[in-house]
Undergrad: 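Below: one structure in structure tokens.
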Amino acid sequence: MTTKELISAIAQETGMRRNDVAKLMAATTQAATEELINGNSIQIQNFGLIEVKKKNERLCVHPRSGERKIVPAKMQVSFKQNPILKESINKK
Amino acid sequence: MKADNRIYINDLREKIQASTGMTEYQVGYFLSSLFNRISSSLQAGDSVKISGLGTFKVHYNQPRKSVDVTTGEPIMLEGYNKVTFTPEAGLKDAVNAPFAEAVKEEETTKPTDTIDPLVRLGEQAEEINSIISEINSMRVEPETPETPGMPETPETPETPEMPETPETPETPETPEMPETPEMPETPETPETPEMPETPETPETPETPEIPETPETPETPETPETPETPETPETPETPEMPEMPETPETPEFIFIPQEEETHKKKSRGWLVVGIILLIICIALVVCYLFFREPIKEFADKLINSRQTETPIIEEDSIKVNPLDTLNVDSTKVTDADTIAIPTEGELQEESAENQPQERIYEDFLGTVTINNGSSLANLARRYWGAPEFWVYLYEANKDVIDNPNVLRNGTRIRIPNLPPSIVDPDNADAVAKAKAIEKEILGK
């Protein structure tokens, strides 16, 4: 499902105009991105938690040449699903 | 950057309200609908891609074995679906922005890391030096007396070139590398490690101190360098001049090249060695296993040729049924010395067959060969001496191809022999058996 399909589906469901939905969608992604960049994590009820985690630098070894290298520390976006979402996904 | 700084859906809604100017109800409805849609889509197994944010996807975690922590019993964890989120490249980079800068800084300040590879290079240079010194000492001894003079003023060769060009770092490296072969002990090895730690500039102050007199002894060295080209370092020397202006980066390229070639060479030799070893082992095994069959085959060939010659002389019909017998009987008769010298071949055959029939007409019984039983064992069991296995063989030639190799399940008839022939205490009987053995094994 792409953004377009998502927008049309939401528009159908809520009865809003597609333009408005698209606008809201863009605003949502922008807001979420900003929050994430600021280091905040976004908790969404019954869905999950989107957060930024710090990965420490680590030493890795090239499997073929045996060359040792430091992988620099980095920030990563991670998602943790809510138990309710997990349940809904796993029930058949 | 606080990890606990959580934003809830209401905060997000307020933000969106502010940016779009829509009502609280609209935005709230939209958001709830949005996440409902996403979860229902995920429920259907579809992935949801939100441009600007990322992709939500369902991933199935396979069931796996585990151990119950309390009881230690192995248990099976059930597989389950999991929602994964992969951020888009834009979001990923934006989130990682502060660290990306740090990485860039690290890249610029990489020279600190260069020590490690350069130390490796130094070690390799040491190895090469030692090898080359060995080679030199083997080939040309007169060069070694020159070396003691060298260590006193090792950097002097740089000095004459130094004043000419200010870009000294290029020149000193090239002369040093050729020097290494001539300097067996280890005077240069300290130099190479010094190179990475302290740039070449500290060497330049040294140059004014030395240059006056001892230049003459060094000049002969430069002609010597052409001798070294035989040694493996020649590829390096052309590389060195390329390095000059920015000494750090070319060194980076240089190290892996040398390592790779080194490894490749060693691997190649290893592979070749292993292949040779395998071939050798295969040959030995083949020889051990097929020595007997090959012998037999060769014998058969030779015999068939021998028998063919009489075929040409005589009528083919007569000889054909007999030729196999002919082969066996000639040898046996020779061994038994009972054989009568004959004129015609037909006579010969009859004469030869006689002793066999006479000896082996009467049988004590039959024995079935099992694993591990041999003719010698049987002979010892029946007659008390393993040497008499030859009679067993002769009596059972039709079932035994090779006296050394007995097939399981072969039924062997034990001939009833007069005790005078198979008397273990009688030296003559044993000697006779041995003579027959020689004949059989010799054929």
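Protein chains get the first letters and strands the later ones, always in sequence-line order, with residue 1 at the start of each. Hydrogens, waters and symmetry mates are skipped; everything else that's a heavy atom, side chains included, is used.
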Undergrad: Taking B:Thr20 for its side chain and A:Leu24 for its backbone only, find out whether a donor-acceptor pair lies under 3.5 Å.
TA: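 Absent.
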Undergrad: Quick one: are A:Asp20 and B:Met22 in side-chain contact, heavy atoms under 4.5 Å?
TA: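 Yes, side chains in contact.
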Undergrad: If the threshold is 4.0 Å, N to carboxylate O, is there a salt bridge linking A:Glu51 and B:Arg6?
TA: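 No.
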Undergrad: Which answer fits A:Leu85, side chain, backbone, both or neither, if we ask what part of it has an atom under 4.5 Å from a heavy atom of chain B?
TA: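 Just its side chain gets close to chain B.
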Undergrad: Given a strict heavy-atom distance threshold of 4.5 Å, which part of A:Lys54 is in contact with chain B: side chain, backbone, both, or neither?
TA: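 Interface part for A:Lys54: side chain.
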Undergrad: First locate atom CZ of B:Arg37, then atom OG1 of A:Thr14, and finally report the distance between them rounded to the nearest 0.5 Å.
TA: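 Between atom CZ of B:Arg37 and atom OG1 of A:Thr14 there are 10.5 Å.
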Undergrad: What part of A:Gln45 lies closer than 4.5 angstrom to a heavy atom of chain B: side chain, backbone, both or neither?
TA: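 Answer is neither: A:Gln45 stays 4.5 Å or more from chain B.
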Undergrad: Could you check whether the rings of B:Phe35 and A:Phe47 sit parallel, tilted or perpendicular, using 30° and 60° as the cut-offs?
TA: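 Ring orientation, 0 to 90° scale: tilted.
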Undergrad: Starting at OG of B:Ser41, measure out to CG of A:Leu6 and round the result to the nearest 0.5 Å.
TA: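 Separation between the atoms: 7.5 Å.
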Undergrad: Does a side-chain heavy-atom distance below 4.5 Å link A:Glu34 with B:Lys15?
TA: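 The answer is yes; the side chains approach within 4.5 Å.
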Undergrad: Measure distances from A:Ile50 to the heavy atoms of chain B and classify the residue's part below 4.5 Å as side chain, backbone, both or neither.
TA: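 It is the side chain, since no backbone atom gets that close.
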Undergrad: Looking at chain A, which one of B:Thr86, B:Asn36, B:Ile38 has the largest number of heavy-atom pairs inside 4.5 Å, strictly under?
TA: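 Of B:Thr86, B:Asn36, B:Ile38, B:Ile38 has the most heavy-atom pairs under 4.5 Å with chain A.
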Undergrad: Ignoring hydrogens and geometry, is there a side-chain-to-backbone donor-acceptor pair from A:Thr3 to B:Lys49 under 3.5 Å?
TA: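 It does hold such a pair.
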Undergrad: Do you know which of B:Tyr8, B:Phe85, B:Phe30 has the most heavy-atom pairs under 4.5 Å to chain A?
TA: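 Of the candidates given, the most pairs with chain A belong to B:Phe30.
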